[in-house]
Student: 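Below are the structure tokens for one structure; questions will follow.
Quick note on labels: first sequence line is chain A, next is B, and so on, each numbered from 1. Predicted, not measured: the structure shown is a model, and the values here were computed from it. The analysis underlying the following values was restricted to heavy atoms, covering all of them including side chains, and did not include hydrogens, waters or symmetry mates.
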Amino acid sequence: MSQTRSHTCGELRLEHVGQDVQLTGWVNRRRDLGGLTFIDLRDRYGIVQVVLDPQTVPELHAKSQEIRSEFVLFVKGKVSPRPEGMINKERVTGEIEVHASELDILSKAEVLPFTIHEETDATEALKLKYRYLDLRRPHLQRNLLLRHKMYSVIHRYLDQKNFVEIETPFLNKSTPEGARDYLVPSRVHPGKFWALPQSPQLFKQLLMMSGMDRYYQIARCFRDEDLRADRQPEFTQLDMEMSFATPESIFKIMEALFADIFQTVLDVTIQTPFPQMSYEEAMTSHATDKPDLRWDMPLTQLSQVFKNTSFRVFSEALSNHGEIRGVRIPKGESFSRKQIDQLTLIAKGCGAKGVVWMKKSQEKTSSSIDKFLSPDELSTLESLLKLEEGDLGLIVADQPSVARASLEALRNECIERLELKPKRPFAFTWVVDFPLFVWDDDESRFVSVHHPFTQPHPEDVSKLKNGEDLGSVRALAYDLVLNGYEIGGGSIRIHQPEIQSMIFQTLKLTEEDMKHKFGFFLEALKYGTPPHGGIALGLDRVAMILSGTQAIRDVIAFPKTQSALDLMAESPSTVDPRQLDELHLALKKPKA
RNA sequence: GCGGCGGUAGUUAAGCUGGUUAUAACGCCGGCCUGUCACGCCGGAGGCCGCGGGUUCGAGUCCCGUCCGCCGCGCCA
């Protein structure tokens, strides 16, 4: 008789009563009452209670004395209803239990470094060292499952839309533009290196030139930059590209894809189409190109109002290249003087020198700077902040980065204190009309905001031709933002060699230089390139938001730490000198 | 590269301005217990106070360095 399972630990219900079942799983807990022993058997489907009764199965009960947490067991037994009053309503299998008639220990376990059940409070480092144990916890299993569901929707949906899944190489040519590459030395070609892809950008465009028309890939990408809570050095993106695409056609496909994902994975219906916001508006109203629109609490730009103000704090901030911004706190009027002082401390923690407040109550609007501002200034302020009765306005004047960080901290604190419910749990927005170039002081030239293959906005091509006001040239580029996270970005690409040359000239990149870096690609452009465009979605971040977690680690099976280490495998590691030799590499002597 | 916070039994934490034998909870081990489900009760074991230096009669505690974790800045076309 083979010890295979007939059921999983999560599926037994009252309807199975009377059946003989075979179960396998881990010991979640053993409760030994002396004369009677209970074992909670766990697998990824759930937990079921197994009963060992010395009256009926004395030898099994004796054997069970040896059982400890996380042993792997095989149990054969009969499903029985639980006695009156013994039903566990917390558990879906709580109305039944399995009375064991056979029991085998398939595998023993040493005492674990931390417990699997409940929300274990082991430190991050310990959990990462024993990631395989952490992954036994239902919480992480749920996240991985949810991620899997998202993938299956993507494959199904894009297949229906005629997209073709095509793999592109991991070993690529290094392009020093943009993020740092992970390099792989070539053994057969001394002194030469491969680079792991930062994204399959050029390949997907080449596939359009090949006539594949609609491409997608769930692609692993690598960037050798420092990590954040939402950033890993290797990450997964849904990479896609379409021939004859317009931004609108891409938006439509993405919106329907997200509607499908949220419906299937979370059973949540999201509103489409997504709202759009220009880059300029995002920066003015929200001080960021990835605004969190779950609350209607923008970080409004107020500098204009105070151009000629006599209030020294504001005028000095402005003359020091600072800015004045404010945020509306709904229902914030109830804050006491003391509470506002506490908020001020938070802003000071972010580097702000102070916080100006403004309250709108039934009778009047008052502020901490009534006597310094003209009635005109005060009423403009009130209307720009869109203060409603009962609201509080908080204003910070400082360097842009300080003003933004302070107000963001204030807003988050107030959301928490006032328990402000989000207007919408999932706030998508397209950010459009990004600038094509940004001035780089270090290199004293314009550099691409997105990448040098981005199509300029048709209305701005003349500026490009005349080389005037290049900072204001817009790109046909867009980001998809969800709840303050940039979850995707893309563009319409250049398909005309003349425009491509013009861009290179503007970027002060010589044809020769470009030939060396992207020669094959520029050549390909010449042989009949369809207009095309695409987008890449950061699937780890999407999975993170779907899971309701703030850490990207929680949706990746084997993540790296913030210093890009794998604590479990202890990598990266040193290698055998012979390996280095084969690769024609020598290590630098460490500095003394 | 930089800033903030943290590192003390297996685990999570407490340990105030330096001073007897470094606490607690959970876990672990042993005993008792037939309806538990975070079982209960009794008893016990368990410490390189991250690592290396220094100050001091004396350091978990103060100083310097270093490693690791988390959060952020720079960086991430």
Side-chain angles (χ1 to χ4, degrees), chain A residues 28-42 47-56 61 65 68-70 80 82-91 93-94 97 99 110-130 133 175-181 198-199 201-202 221-233 235 349-351 401-402 404-405 408-409 434-438 440 442-443 446-454 475 477 486 489 491 503 507 509 517 536 538 550-551 553 560-565 567 570:
Chain A
N28 199 58
R29 274 202 168 89
R30 184 179 70 118
R31 289 180 297 279
D32 182 357
L33 273 58
L36 189 65
T37 297
F38 297 99
I39 290 172
D40 287 343
L41 202 63
R42 184 197 73 234
I47 294 178
V48 66
Q49 175 163 281
V50 175
V51 186
L52 296 161
D53 189 341
Q55 299 265 288
T56 54
H61 185 261
Q65 297 305 301
R68 294 291 179 273
S69 285
E70 299 306 310
S80 312
R82 292 203 184 181
E84 195 82 18
M86 300 304 160
I87 287 167
N88 185 344
K89 286 183 183 133
E90 307 289 308
R91 231 169 241 171
T93 61
E97 58 195 6
H99 287 264
E110 291 185 12
V111 175
L112 267 57
F114 53 85
T115 55
I116 304 301
H117 31 80
E118 81 241 6
E119 289 306 305
T120 185
D121 45 5
T123 55
E124 211 51 46
L126 193 78
K127 287 191 287 186
L128 286 171
K129 182 173 177 192
Y130 298 96
L133 296 179
T175 53
E177 312 267 316
R180 215 173 272 125
D181 285 324
Q198 297 176 24
S199 93
Q201 184 61 35
L202 295 180
C221 302
F222 305 85
R223 291 181 189 172
D224 188 4
E225 298 292 348
D226 289 335
L227 286 73
R228 291 286 185 280
D230 65 350
R231 232 160 66 189
Q232 284 271 310
F235 59 98
C350 299
S401 60
V402 173
R404 184 198 146 177
E408 206 161 11
F434 274 83
L436 191 57
F437 309 115
V438 62
D440 187 315
D442 291 340
E443 300 199 32
F446 280 102
V447 297
S448 294
V449 168
H450 193 51
H451 57 60
F453 314 109
T454 307
E486 182 197 324
S491 63
I503 298 287
L507 295 172
L509 302 171
K517 284 175 184 158
Q550 317 255 52
R553 291 184 299 277
K560 313 276 187 284
T561 68
Q562 188 160 38
S563 60
L565 292 174
L567 293 181
E570 298 185 310

Student: Centroid distance below 5.5 Å plus an interplanar angle below 30 degrees: do Phe114(A) and U11(B) meet both conditions?
Tutor: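 So Phe114(A) does not count as stacking on the base.
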Student: Is a salt bridge present between Arg68(A) and Glu110(A), judged by a nitrogen-to-oxygen distance below 4.0 Å?
Tutor: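 Answer for the salt bridge query: no.
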Student: Is Glu124(A) touching bases, backbone alone, or none of the nucleic acid, heavy atoms closer than 4.0 Å?
Tutor: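 Since only primed, P, OP1 and OP2 atoms lie under 4.0 Å of Glu124(A), the category is sugar-phosphate.
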Student: Return the nearest nucleotide to the side chain of Val111(A); candidates are C28(B), C73(B), C70(B).
Tutor: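 Within the option list, the nearest is C28(B).
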Student: State which of U36(B), C71(B), U11(B) makes the closest approach to the side chain of Ala229(A).
Tutor: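 Comparing U36(B), C71(B), U11(B) against the side chain of Ala229(A), the answer is C71(B).
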Student: Atom pairs, N/O to N/O, protein against nucleotides 4-9 of chain B, distance under 3.5 Å?
Tutor:
none

Student: With a 4.0 Å cut-off on heavy atoms, is Pro83(A) in touch with a base, just the backbone sugar-phosphate, or nothing at all?
Tutor: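 Base, at least one base atom sits under 4.0 Å.
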Student: Between C67(B) and G50(B), how many Å separate the two C1' atoms, rounded to a whole number?
Tutor: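 Between the two C1' atoms, the distance is 8 Å.
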Student: Round to a whole Å and report the spacing from CG of Leu112(A) to P of C28(B).
Tutor: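 It works out to 10 Å between those atoms.
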Student: How is Ile47(A) classified with respect to the nucleic acid when contacts are heavy atoms under 4.0 Å: base, sugar-phosphate, or nothing?
Tutor: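 Nothing: the residue Ile47(A), judged by heavy atoms under 4.0 Å, touches no strand.
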Student: In whole angstroms, how far is the P atom of U36(B) from the CG atom of Asn28(A)?
Tutor: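 Atom-to-atom, Asn28(A) to U36(B), this comes out as 19 Å.
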Student: Output the single nucleotide from U36(B), U11(B), U34(B) whose closest atom is nearest the side chain of Asp53(A).
Tutor: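 Given the options U36(B), U11(B), U34(B), the side chain of Asp53(A) is closest to U34(B).
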Student: Are Glu70(A) and Arg42(A) ion-paired here, with the side-chain N under 4.0 Å from a carboxylate O?
Tutor: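 The answer is yes: the pair qualifies as a salt bridge.
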Student: Can you identify which nucleotide, out of G35(B), C75(B), G30(B), has its nearest atom closest to the Phe38(A) side chain?
Tutor: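 Of the options given, the side chain of Phe38(A) lies nearest G35(B).
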Student: Just checking Val51(A): base, sugar-phosphate only, or nothing, at a heavy-atom cut-off of under 4.0 Å?
Tutor: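 Val51(A): no heavy atom of the nucleic acid under 4.0 Å.
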Student: Would you mind reading off the distance between Leu126(A) atom CG and A13(B) atom P, rounded to a whole angstrom?
Tutor: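 After rounding, the gap between these two atoms is 11 Å.
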Student: Find the partner of C28(B): check Watson-Crick (N1-N3 plus N6-O4 or O6-N4) and G-U wobble (N1-O2, O6-N3) distances, both under 3.5 Å, and reply none if neither fits.
Tutor: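 The answer is G44(B), by the H-bond criterion.
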Student: Checking all strands, does Gln198(A) fall into the base, sugar-phosphate, or nothing category for heavy-atom contacts under 4.0 angstrom?
Tutor: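 Counting heavy atoms under 4.0 Å across all strands, no contact is made by Gln198(A).
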Student: Quick one: Arg553(A) CZ to C71(B) C1', roughly how many Å, whole number?
Tutor: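 Computing the Arg553(A):CZ to C71(B):C1' distance gives 10 Å.
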Student: From the set U12(B), C76(B), U34(B), return the single nucleotide nearest to any side-chain atom of Arg231(A).
Tutor: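 Of the options given, the side chain of Arg231(A) lies nearest C76(B).
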Student: Quick one: which of C37(B), G69(B), A38(B) gets closest to the side chain of Arg82(A)?
Tutor: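 Side chain of Arg82(A) sits closest to C37(B).
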Student: Whole Å only: how far is the CD atom of Glu408(A) from the P atom of C71(B)?
Tutor: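 Distance check: Glu408(A) CD to C71(B) P gives 16 Å.
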Student: In Watson-Crick or G-U wobble terms, both distances under 3.5 Å, what is the partner of C5(B)?
Tutor: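 Across all strands, the one nucleotide that pairs with C5(B) is G69(B).
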Student: Taking atom C1' of G35(B) as reference, at what distance in whole Å does atom CG of Leu36(A) sit?
Tutor: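 So the two atoms are 6 Å apart, to the nearest Å.
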Student: Name the closest nucleotide to the Arg228(A) side chain, picking from U12(B), C75(B), C71(B).
Tutor: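 In terms of side-chain proximity for Arg228(A), the closest of U12(B), C75(B), C71(B) is C75(B).
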Student: Heavy atoms under 4.0 Å, any strand shown: does Thr175(A) hit a base, just sugar-phosphate, or nothing?
Tutor: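 Answer is nothing: Thr175(A) stays at 4.0 Å or more from every strand.
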Student: Output the rounded distance in Å from CD (Gln65(A)) to P (U34(B)).
Tutor: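 My rounded result for the distance is 12 Å.
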Student: Rounded to the nearest Å, what distance is computed from the CG atom of residue Asp181(A) to the C1' atom of nucleotide C75(B)?
Tutor: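 In whole Å, C75(B) C1' lies 14 Å from Asp181(A) CG.
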Student: Have a look at Glu97(A) and say if it touches a base, only the backbone sugar-phosphate, or nothing, with a 4.0 Å heavy-atom cut-off.
Tutor: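 Base, at least one base atom sits under 4.0 Å.
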Student: Quick check: closest heavy atoms across Leu36(A) and Pro54(A), and the distance to 0.1 Å?
Tutor: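 Smallest interatomic distance, heavy atoms only, reads CA-CD, 4.3 Å.
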Student: By nearest heavy atom, map Ser199(A) and Ala125(A) onto RNA chain B; which one lands nearer the 5' end?
Tutor: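 Checking each residue's closest nucleotide, the 5'-ward one belongs to Ala125(A).
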Student: Tell which nucleotide pairs with G19(B), taking only Watson-Crick or G-U wobble pairs whose two distances are both under 3.5 angstrom.
Tutor: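 Looking at the geometry, G19(B) pairs with C57(B).
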Student: For Arg31(A) and Gln49(A), test the side chains for any donor-to-acceptor distance below 3.5 angstrom and give the result as yes or no.
Tutor: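 Yes, because at least one side-chain N or O of Arg31(A) sits under 3.5 Å from a partner of the opposite role on Gln49(A).
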Student: If you check every side-chain atom of Leu565(A), which of G69(B), C37(B), G35(B) has the closest atom?
Tutor: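 The answer is G69(B), which lies nearest to the side chain.
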Student: Over all strands shown, is Arg30(A) touching base, sugar-phosphate only, or nothing at heavy-atom distances under 4.0 angstrom?
Tutor: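 It contacts nothing in the nucleic acid.
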Student: Between A22(B) and A59(B), how far apart are the C1' atoms? Round to whole Å, please.
Tutor: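 A59(B) and A22(B) have their C1' atoms separated by 13 Å.
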Student: Partner lookup for C49(B), please. Criteria are Watson-Crick or G-U wobble with both distances under 3.5 angstrom; report none if nothing qualifies.
Tutor: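 Per the H-bond distance test, none.
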Student: For Asp32(A), which contact category applies under a 4.0 Å heavy-atom criterion: base, sugar-phosphate, or nothing?
Tutor: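 Counting heavy atoms under 4.0 Å across all strands, the contact made by Asp32(A) includes a base.
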Student: Calculate, to the nearest 0.5 Å, the distance between atoms CZ and OG1 belonging to Arg553(A) and Thr561(A) respectively.
Tutor: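 One gets 9.0 Å once the value is rounded to the nearest 0.5 Å.
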Student: Counting side-chain heavy atoms from C-beta on, which of C76(B), C37(B), U34(B) comes nearest to Glu225(A)?
Tutor: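 That would be C76(B).
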Student: Could you write out each protein N or O paired with an N or O of nucleotides 45-47 of chain B at a distance under 3.5 Å?
Tutor:
none

Student: Measure from the side chain of Arg31(A), starting at C-beta and using heavy atoms only, and say which of G35(B), U36(B), A13(B) lies closest.
Tutor: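 Closest nucleotide to the Arg31(A) side chain: U36(B).
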Student: Over 60° means perpendicular and under 30° means parallel, so classify the ring planes of Phe114(A) and Tyr130(A), tilted if in between.
Tutor: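 Ring orientation of Tyr130(A) relative to Phe114(A): perpendicular.
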Student: Ignoring backbone atoms, test whether Thr123(A) places a side-chain nitrogen or oxygen under 4.0 Å from the OP1 or OP2 oxygen of U12(B).
Tutor: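 Yes, within the criterion.
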